[in-house]
Number of protein chains: 2
Amino acid sequence: MEEIYKELQRLGFSQYECKAYIGLLKHHPITGYEISKRTGVPRSMIYEVVGKLVEKGAVYIVPSEPVTYSPLPARELIARQRRQFEQSFDYLEKELAAMESEREVDVIKRIDGDELVIAEMKELIGNAKAELWLSIWEPQVPFIQTQIDGCCDEGIDVFTVLFGKAETRVGNTYHHDYMSPEVAEERMGGRLTIAARDVEEVLIGNFALGKSAWAVKTRDPALVLVAMEYIRHDIMFAEVTKELGPEKVEALWRTRPDLYHVVTGKRFK
Amino acid sequence: MEEIYKELQRLGFSQYECKAYIGLLKHHPITGYEISKRTGVPRSMIYEVVGKLVEKGAVYIVPSEPVTYSPLPARELIARQRRQFEQSFDYLEKELAAMESEREVDVIKRIDGDELVIAEMKELIGNAKAELWLSIWEPQVPFIQTQIDGCCDEGIDVFTVLFGKAETRVGNTYHHDYMSPEVAEERMGGRLTIAARDVEEVLIGNFALGKSAWAVKTRDPALVLVAMEYIRHDIMFAEVTKELGPEKVEALWRTRPDLYHVVTGKRFK
DNA sequence: TTATAGTAAGTATAATACTAACTACTAAAG
DNA sequence: CTTTAGTAGTTAGTATTATACTTACTATAA
């Protein structure tokens with residue numbers, strides 16, 4: 001119920017307007033007095049509130065004695081709002097795009113918050129034209145799966161290093177099993193996540209457990225290249241591991257504890 | 001420009017947020033101080049304002065010294081908002097429809113304001129399933145033309161009495177030329193406009209020049225029938241006029257000035 | 001006299017919008 | 001070598017508006 005109020009308020013209705021409208025949906029036509037009784041909106045406010053709803057076209061006046069009110073059917077209200085917002089979107093898309101200046105290539109943008117980071121990843125993946133390099137962790141996969149499948153369908157080359165279950169497949173998938181995920185996480189100070197597309201743009205993020213995710217995004221050619229090569233080396237190493245067997249690789253690491261263990265503590269703030 | 005602000009504000013941005021975002025679109029990346037300078041948003045507010053934009057994902061932080069900001073490209077901002085609102089709409093459509101009670105047949109709903117009356121007409125026309133009877137005036141035609149064309153394409157019978165140019169065609173169109181539009185307008189106290197569909201629902205409206213339009217809408221079978229028959233008689237009379245010639249009909253009227261002239265003054269309040 | 005229908009006046013709160021005055025740093029001009 | 005102007009940002013306080021909430025009042029009809 002609260003959820004419904006929240007969504008309606010995003011469309012420009014006040015709390016009282018929501019209550020009055022939903023009250024009317026449930027029973028109509030009724031007087032202002034009765035809307036107030038049923039919904040808990042104060043009697044002294046109800047005529048102002050329904051007045052606004054009438055102006056917006058969400059409620060009809062039924063000319064009876066005394067005057068009663070009837071709601072616009074829910075489907076039609078939503079359909080109207082949808083049309084109006086679509087118009088706004090079309091208009092704004094055109095107008096805003098027109099006044100936009102060129103983007104700088106060498107800026108590095110920071111993004112904070114799980115949802116926003118995911119949104120940026122989806123966008124970057126959706127913008128891929130020829131190739132896509134990913135280094136991702138199982139828990140994030142469901143959020144971006146559909147975008148990636150879209151890429152695969154368009155014939156875009158997708159190469160993924162995945163920290164997670166062997167069954168999960170995301171494009172050409174290589175499982176990062178020459179080093180345990182725990183060690184990788186410790187080394188990086190979190191779950192390092194990378195998405196690079198078309199040697200043009202890269203997002204480097206960190207999903208630390210319990211903390212809010214963050215990421216940086218850039219078109220700086222040097223950074224894009226480093227991130228891409230990093231993933232490619234990971235993939236080549238996975239291939240080597242497959243060839244030699246994990247034991248030999250493991251042994252190789254053990255002779256170099258300085259490389260195997262965390263060196264500088266947390267690498268990210 | 002004002003228009004753009006208004007539309008953006010409907011999407012949940014404050015005046016200052018609009019200014020800051022648009023300022024950033026025009027030039028980026030820049031510091032908060034410079035956004036303030038360019039947009040007129042007070043320096044003392046700018047960090048709170050861009051902070052909100054960053055939270056909403058509409059602006060990136062560019063980690064430089066000093067910190068600068070960069071906007072999410074307009075297309076992507078709009079695309080995101082579109083997705084979010086679509087979700088809201090889908091959710092609300094389902095939830096609200098679920099709690100809606102049956103509509104009463106015999107209520108008469110009143111609608112005030114040009115835009116709302118037009119919106120209701122469009123909806124009624126769009127809901128037609130088998131037949132549609134219209135009595136409309138030229139100036140309203142462009143607003144509802146597309147809906148009517150939709151009906152014609154679906155094979156719905158559309159009968160229209162039109163007060164307006166002979167060239168304008170709206171379904172099966174009959175031009176109301178046995179009485180001058182001026183006289184008709186005087187008789188009715190405005191431009192009486194009717195739309196009836198499927199012997200089920202009718203809208204009776206009045207577009208008076210210079211004043212705000214109003215209408216009533218009902219499913220009361222008696223009213224629907226009266227309105228429909230009224231239009232049908234008009235059409236039959238137009239046919240008679242075509243047969244006899246306008247002169248004879250004119251002469252017929254002249255012998256009955258009580259019918260020809262306004263009887264009760266303004267018929268509508 | 002009780003329930004219905006509606007109005008008037010006033011308060012509380014939060015979000016937004018606006019102003020003034022302050023610190024701190026840098027770079028150029030006198 | 002200080003003064004001035006510009007950049008960058010903070011703190012505090014006010015005005016305005018929209019929304020939310022009370023209390024108290026007038027009618028009227030069963």
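Residue numbers start from 1 in every chain, and the chains themselves are labelled A, B, ... in the order their sequence lines are given, proteins ahead of strands. Note: hydrogens, waters and symmetry copies are ignored here, and every other heavy atom, side chains too, is used.
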query: Could you give the CD-to-P distance, from A:Glu48 to C:dT7, as a whole number of Å?
result: 11 Å
message: With a 4.0 Å cutoff (strictly under), does any side-chain N or O of B:Lys52 reach OP1 or OP2 of C:dT16?
response: yes
Residue met sooner reading DNA chain C from 5', once B:Tyr16 and A:Glu34 are mapped to nucleotides: A:Glu34
message: Between A:Gln9 and B:Val67, which residue's closest nucleotide on DNA chain D lies nearer the 5′ terminus?
response: B:Val67
Donor-acceptor under 3.5 Å (A:Ser36 side chain, A:Gly32 main chain): no
- prompt: Tell me: NZ of B:Lys19 to C1' of C:dT16, nearest whole Å?
  reply: 12 Å
- prompt: Out of C:dT7, C:dA21, C:dC18, which nucleotide sits closest to the side chain of B:Arg43?
  reply: C:dA21
message: If you go through the side-chain atoms of B:Thr31, does one of them form a donor-acceptor pair with the base of D:dT7 closer than 3.5 Å?
response: no
task: Ignoring the backbone of A:Lys37, work out which of D:dC21, D:dT19, C:dT4 is nearest its side chain.
output: C:dT4
field: Whether B:Glu55 side chain and B:Lys52 backbone form a donor-acceptor pair below 3.5 Å
entry: no
message: Expressed as a whole number of angstroms, how long is the span from A:Leu8:CG to D:dT19:P?
response: 14 Å
- request: Using atom types as modelled and distance alone, determine if a side-chain donor or acceptor of B:Thr193 lies under 3.5 Å from a backbone N or O of B:Asn206.
  value: no
task: Report the distance from atom CZ of A:Arg38 to atom P of C:dA3, rounded to the nearest whole Å.
output: 17 Å
Distance below 4.0 Å between B:Ser44 side-chain N/O and C:dT19 OP1 or OP2: no
- prompt: Does the ring centre of A:Tyr5 sit less than 6.0 Å away from the ring centre of A:Phe13?
  reply: no
message: Using whole Å, what does the distance between atom P of nucleotide D:dT19 and atom OH of A:Tyr47 come to?
response: 20 Å
A:Phe13 CZ to D:dA18 P, straight-line distance once rounded to whole Å: 17 Å
- request: Measure from CE on B:Met45 to P on D:dT11 and round the result to the nearest Å.
  value: 14 Å
task: State which of D:dA20, C:dC18, D:dT7 makes the closest approach to the side chain of A:Gln15.
output: D:dA20
- prompt: Any donor and acceptor pair, going by atom type alone, linking the side chain of B:Asp198 with main-chain N or O of B:Glu200 inside 3.5 Å?
  reply: no
message: From CD1 of A:Ile35 over to C1' of C:dG6, roughly how many Å is that when rounded to an integer?
response: 13 Å
query: When you measure from the side chain of A:Tyr33, which nucleotide among D:dT22, D:dG9, C:dT4 comes out closest?
result: C:dT4
